[in-house]
Amino acid sequence: MPLQRVRFAEAVPEVFRASLQEIRREQEVPAEFPPEVTAAALKAAQNARLPELDRTDLEFVTIDPPDSMDLDQALHIERTGDGFTVYYAIADVGAFVQAGDPIDAEARRRGETLYAPDKRTPLHPPELSEGAASLLPDEVRPALLWTITVDATGEGTGVTCERVLVKSRAKLNYAGVQKDLDAGTASESLQLLREVGKLREQRELERGGVNLPIPDQEIVTSNHGWGLEFRAPLPVEGWNAQISLLTGMAAAQLMTKGKIGILRTLPESHDDLRRKLGNTAKALGIVWSDQATYAEFIHGLDPKVPAHAAMLAACTVLFRGAGYTAFDGQVPQQSQHAAMKAEYAHVTAPLRRLVDRWTLEICVALSAGVEVPAWVRESMDEIPKIMDDADRRAHAYERSIVSMVEAGLVADRVGAEFDGVITDVDDKENARGIVALTKFAIEGRVTGAALPLGQQVRVKLVEADIAKRTVAFELVQG
């Protein structure tokens with residue numbers, strides 16, 4: 001499921017530093033890379049296995065947050081008749097890492113890159129992830145090139161995946177690209193990104209799919225103390241995400257046709273989830289009609305509106321239960337990702353997510369009509385377990401950080417009363433539940449006799465402990 005990121009507008013305040021260190025200790029977040037892994041990365045950086053096919057003629061660019069150096073994806077789009085050709089270059093980690101080497105072994109222990117407001121814990125050593133393997137500008141790099149033909153409606157009609165050399169022309173950021181698009185000064189490729197992105201968003205809505213534009217939470221300080229603000233994603237972030245989703249769906253089609261792969265799957269959600277999210281919407285003053293589906297409701301939310309941003313963050317529970325399904329010889333009966341209403345695979349972030357190295361190797365083999373490498377076949381059944389464990393660790397890490405920040409925001413208001421809505425009640429004890437505050441993007445435990453599920457209530461803050469990362473309320477009676 002998408003992760004809710006917390007960022008600090010300025011330096012991380014001292015009050016949170018000790019707690020962040022404790023969270024890392026509790027979650028067993030890896031520290032620095034062992035010397036032998038760093039040494040192996042330095043050696044690999046000098047000895048990449050380079051492909052023969054040269055596509056440095058394509059004018060790729062990367063689009064990422066300004067401070068990102070682990071650049072997985074580079075993009076170039078051309079108009080082809082009534083449709084489009086999307087060229088999507090993905091960093092080729094396999095050109096540097098071999099099965100069983102120290103880098104591979106450490107990556108299997110980590111599973112994925114972890115994020116915190118004060119540091120990033122990478123999957124691969126920076127010598128690769130921010131250096132030799134990253135699609136940095138003006139550097140020739142090995143990559144897996146996806147060439148996807150798209151018709152005038154935004155539907156993908158053909159795909160190939162092959163090893164090539166590429167060279168990014170520029171390291172762009174979302175704000176700069178959005179500014180150029182709005183001013184009409186963006187390149188033709190970026191203008192086509194907007195066009196294709198909008199077409200893909202429309203197709204997503206038509207099939208009932210959901211792609212959450214998760215806002216970042218940013219902690220700001222003022223004369224009034226701490227504040228929590230949501231940073232809404234820019235439209236270009238959504239269009240860029242649609243290219244990644246298009247590629248993931250094309251990869252899933254290759255795998256299901258070839259009857260071998262690792263899919264990202266999610267079962268259908270249940271009625272209790274709709275009820276809980278409906279209560280959260282009520283707490284935030286958002287109307288969700290009984291006739292509107294998840295997709296229609298979510299597509300109608302505007303992440304620039306604070307209440308809607310908080311609702312989008314709450315809707316990440318729709319992705320709870322997502323996992324990885326490996327198969328070889330027979331496509332699994334449950335092969336779809338229910339939130340996307342499509343078959344889908346992770347293939348676009350190999351610098352930051354372990355599974356992508358396996359899925360990319362499978363897809364490049366299937367696209368060429370050759371055998372999938374033996375090391376992939378022999379180890380692919382292990383990957384879902386590794387990734388499930390890594391995902392749980394990442395979500396626990398992120399949740400702990402969010403809880404720490406929420407406690408910090410109200411730590412000086414113990415005893416104060418707030419308006420909220422009871423969004424959940426314990427099935428076994430109706431005196432315990434969860435309350436969502438109406439004017440704050442905070443949920444917390446609440447106790448009180450016969451908690452009224454889905455109803456507006458008045459609660460008193462009885463605990464806000466940064467070290468314990470807990471926020472608790474009591475129902476105010478009468």
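For reference, positions follow the sequence shown, starting with 1.
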**Request:** For the residue pair Lys171 and Asp64, establish whether any side-chain heavy-atom pair is separated by less than 4.5 Å.
**Result:** no

**Request:** With side-chain contact (heavy atoms from CB on, under 4.5 Å) as the test, would you mind laying out the steps for Asp424 and Asn279 before giving the verdict?
**Result:** CA-CA 8 Å; Asp424 203 11; Asn279 290 333; over 6 Å; no

**Request:** Name the orientation class of the two ring planes belonging to Trp358 and Trp375 (parallel below 30°, tilted from 30 to 60°, perpendicular beyond 60°).
**Result:** perpendicular

**Request:** Starting from the C-alpha separation in whole Å, work towards a yes-or-no answer on side-chain contact (heavy atoms from CB on, under 4.5 Å) for Arg24 and Tyr397.
**Result:** CA-CA 8 Å; Arg24 280 190 275 272; Tyr397 189 40; 3.1 Å; yes

**Item:** Spacing of Glu398 atom CD and Ile401 atom CD1 [to the nearest 0.5 Å]
**Value:** 5.5 Å

**Request:** Looking only at non-hydrogen atoms, find the nearest pair between Ala74 and Thr62 and report the distance.
**Result:** CB-CG2, 3.9 Å

**Asked** Which residue pairs pass the salt bridge (Lys or Arg N to Asp or Glu O under 4.0 Å) test when at least one of the two sits in residues 78-103, sequence neighbours left out?
**Response** Arg79-Glu195, Asp92-Arg163

**Fill in**
Heavy atoms of Leu42 and Glu127 approach each other most closely as CD2-CG, 3.5 Å

**Message:** Contact between Val61 and Leu190 at the side-chain level, heavy atoms closer than 4.5 Å - yes or no?
**Reply:** yes

**Request:** Show your working on side-chain contact (heavy atoms from CB on, under 4.5 Å) between Glu26 and Arg469 and close with a plain yes or no.
**Result:** CA-CA 13 Å; Glu26 288 179 6; Arg469 302 183 294 279; 2.5 Å; yes

**Message:** Going by side-chain hydrogen bond (donor to acceptor under 3.5 Å, both in side chains), name the residues that satisfy it together with Glu378, two or more places apart in sequence or in a different chain.
**Reply:** none

**Residue pairs fulfilling side-chain hydrogen bond (donor to acceptor under 3.5 Å, both in side chains) with at least one residue in residues 30-53, sequence neighbours excluded** = none

**Asked** Should Ser335 and Glu343 be marked as a side-chain hydrogen bond (donor to acceptor under 3.5 Å, both in side chains) after you check the CA-CA gap, both sets of side-chain angles, and the distance that decides it?
**Response** CA-CA 6 Å; Ser335 62; Glu343 290 171 334; 2.6 Å; yes

**Request:** Could you name each residue pair satisfying side-chain hydrogen bond (donor to acceptor under 3.5 Å, both in side chains) that touches residues 344-355, not counting sequence neighbours?
**Result:** Asp72-Arg352, Ser244-Thr348, Tyr324-His346, Arg353-Asp356

**Message:** If only side-chain N and O atoms count, and only distance matters, is there a donor-acceptor pair under 3.5 Å linking Thr157 with Thr149?
**Reply:** yes

**Asked** Looking at side-chain heavy atoms only, is the closest gap between Leu114 and Gln27 below 4.5 Å?
**Response** no

**Prompt:** Backbone N or O of Leu234 within a donor-acceptor pair of the Glu237 side chain at under 3.5 Å?
**Reply:** yes

**Request:** Taking the side chain as every heavy atom from C-beta outward, state whether Leu354 and Arg110 have any atom pair closer than 4.5 Å.
**Result:** no

**Message:** So, taking the atom named CD in Glu139 and the one named CG in Leu71, what distance separates them when rounded to the nearest 0.5 Å?
**Reply:** 11.5 Å

**Message:** Give me the atom names and distance for the closest heavy-atom approach of Ala133 to Ala91.
**Reply:** O-CB, 3.4 Å

**Asked** Side chains of Arg194 and Gln191: is there a donor and an acceptor less than 3.5 Å apart?
**Response** no

**Prompt:** Does Ala368 have any side chain to side chain contact (heavy atoms under 4.5 Å, CB included) partners at least two apart in sequence or in another chain, and if so, which?
**Reply:** Val370

**Asked** Do Val166 and Leu58 come within less than 4.5 Å of each other through their side chains, counting heavy atoms only?
**Response** no

**Prompt:** Can a salt bridge be assigned to the pair Asp388 and Lys385 using a cut-off of 4.0 Å between side-chain N and carboxylate O?
**Reply:** no

**Prompt:** How many angstroms lie between atom NE2 of His299 and atom OG1 of Thr293, to the nearest 0.5 angstrom?
**Reply:** 8.5 Å

**Prompt:** If you look at every heavy atom in Arg108 and Ala99, which pair is closest and at what distance?
**Reply:** NH2-CB, 4.3 Å

**Message:** Taking side chain to side chain contact (heavy atoms under 4.5 Å, CB included) as the definition, give me every residue that meets it alongside Ala48, ordered by chain and number, with sequence neighbours left out.
**Reply:** Leu50, Phe96

**Asked** Hey, what do you get for CG (Asp70) to CG (Leu136), rounding to the nearest 0.5 Å?
**Response** 9.5 Å

**Asked** side-chain hydrogen bond (donor to acceptor under 3.5 Å, both in side chains) with Thr85: which residues, sequence neighbours excluded?
**Response** Thr80

**Request:** Go through the structure and list residues passing side-chain hydrogen bond (donor to acceptor under 3.5 Å, both in side chains) with Asp426, not counting sequence neighbours.
**Result:** none

**Message:** With heavy-atom distances below 4.5 Å as the criterion, would you say the side chains of Leu135 and Gln73 are in contact?
**Reply:** no

**Request:** Could you check if a side-chain atom of Val196 sits within less than 4.5 angstrom of a side-chain atom of Gln242, using non-hydrogen atoms only?
**Result:** no

**Message:** Would the distance check show the side chain of Thr113 and the main-chain N or O of Leu123 forming a donor-acceptor pair, the cut-off being under 3.5 Å?
**Reply:** yes

**Request:** Can you see which heavy atom on Pro350 is nearest to which on Ile90, and at what distance?
**Result:** CD-CG2, 3.4 Å

**Message:** So, taking the atom named CG in Asp104 and the one named CZ in Arg357, what distance separates them when rounded to the nearest 0.5 Å?
**Reply:** 4.5 Å

**Side chain to side chain, His337 and Leu266, heavy atoms closer than 4.5 Å** = yes

**Message:** Evaluate Glu112 against Arg393 for salt bridge (charged side-chain N to carboxylate O under 4.0 Å, His left out), listing each step before the verdict.
**Reply:** CA-CA 10 Å; Glu112 63 185 86; Arg393 183 167 59 247; over 6 Å; no

**Item:** From CA spacing to verdict: side-chain contact (heavy atoms from CB on, under 4.5 Å), Asp328, Val372
**Value:** CA-CA 11 Å; Asp328 188 355; Val372 172; over 6 Å; no

**Asked** Which residues satisfy the side-chain hydrogen bond (donor to acceptor under 3.5 Å, both in side chains) test with Asn240, sequence neighbours excluded?
**Response** Tyr174

**Request:** Give a yes or no on whether the backbone of Cys363 and the side-chain of Ser367 come within a donor-acceptor separation of less than 3.5 Å.
**Result:** no

**Side-chain (Lys259) to main-chain (Thr256) donor-acceptor, under 3.5 angstrom** = no

**Prompt:** Taking it one step at a time, do Glu162 and Arg55 satisfy salt bridge (charged side-chain N to carboxylate O under 4.0 Å, His left out)?
**Reply:** CA-CA 11 Å; Glu162 55 193 342; Arg55 293 311 314 264; 5.5 Å; no

**Fill in**
d(Thr470 OG1, Arg445 CZ) to nearest 0.5 Å is 6.0 Å

**Request:** Could you note down all residue pairs passing salt bridge (Lys or Arg N to Asp or Glu O under 4.0 Å) where residues 239-252 supplies at least one of them, sequence neighbours left out?
**Result:** none

**Request:** Could you tell me whether a side-chain N or O of Ser129 sits under 3.5 Å from a main-chain N or O of His124, the two making a donor and an acceptor?
**Result:** yes

**Asked** Within the side chain of Glu406, is there an N or O that forms a donor-acceptor pair under 3.5 Å with the backbone of Ile442?
**Response** no

**Request:** Using the test salt bridge (Lys or Arg N to Asp or Glu O under 4.0 Å), find all partners of Glu59 that sit at least two apart in sequence or belong to another chain.
**Result:** none

**Item:** Qualifying salt bridge (Lys or Arg N to Asp or Glu O under 4.0 Å) pairs with a residue from residues 197-207, counting only residues at least two apart or across chains
**Value:** Glu155-Arg203

**Request:** Taking all heavy atoms of Val159 and all of Ala250, pick out the closest pair and write down the distance.
**Result:** CG2-CB, 3.9 Å

